[in-house]
Amino acid sequence: MRLRSDYGLNVLAIGQSQNFDINPKPDRRLHQNDVLVVIGTKSDLDRLPL
């Protein structure tokens, strides 16, 4: 997804329900219903496409 290079955001965790992968590797695949925990500025978050 290139969140860091394209949006200045860092992914802290990816997961579902109570199972989260903390500090996931860049090549981790996303699955339907995954939740991403990211950190960045509000202006960078606002640039994400909906």
Around atom CZ of Arg4, are there more than 12 heavy atoms from other residues, nucleotides or ligands closer than 6.0 Å?
no
pair Val38-Leu48: side-chain heavy atoms closer than 4.5 Å
no
More than 12 heavy atoms of other groups within 6.0 Å of Ile22 CD1
yes
Verify the cluster assignment for Val35 and Leu3: are they in a single hydrophobic cluster under the rule of side-chain heavy atoms below 4.5 Å apart?
no
Interatomic spacing from CZ in Arg29 to CG in Asp34 - rounded to 0.5 Å
12.5 Å
To the nearest 0.5 Å, tell me how far Arg28 CZ sits from Asn23 CG.
12.0 Å
Ala13 versus Phe20, closest heavy-atom pair with distance:
CB-CD2, 4.1 Å
side-chain contact (heavy atoms from CB on, under 4.5 Å) with Val37: of Val11, Asn10, Ile14, Leu12, only one passes, and it is Leu12
Group every Ile, Leu, Val, Met, Phe, Trp and Tyr by side-chain heavy-atom contacts under 4.5 Å, then state whether Tyr7 and Leu36 land in the same group.
yes
What are the two closest non-hydrogen atoms of His31 and Gln16, and how far apart are they?
CB-NE2, 4.2 Å
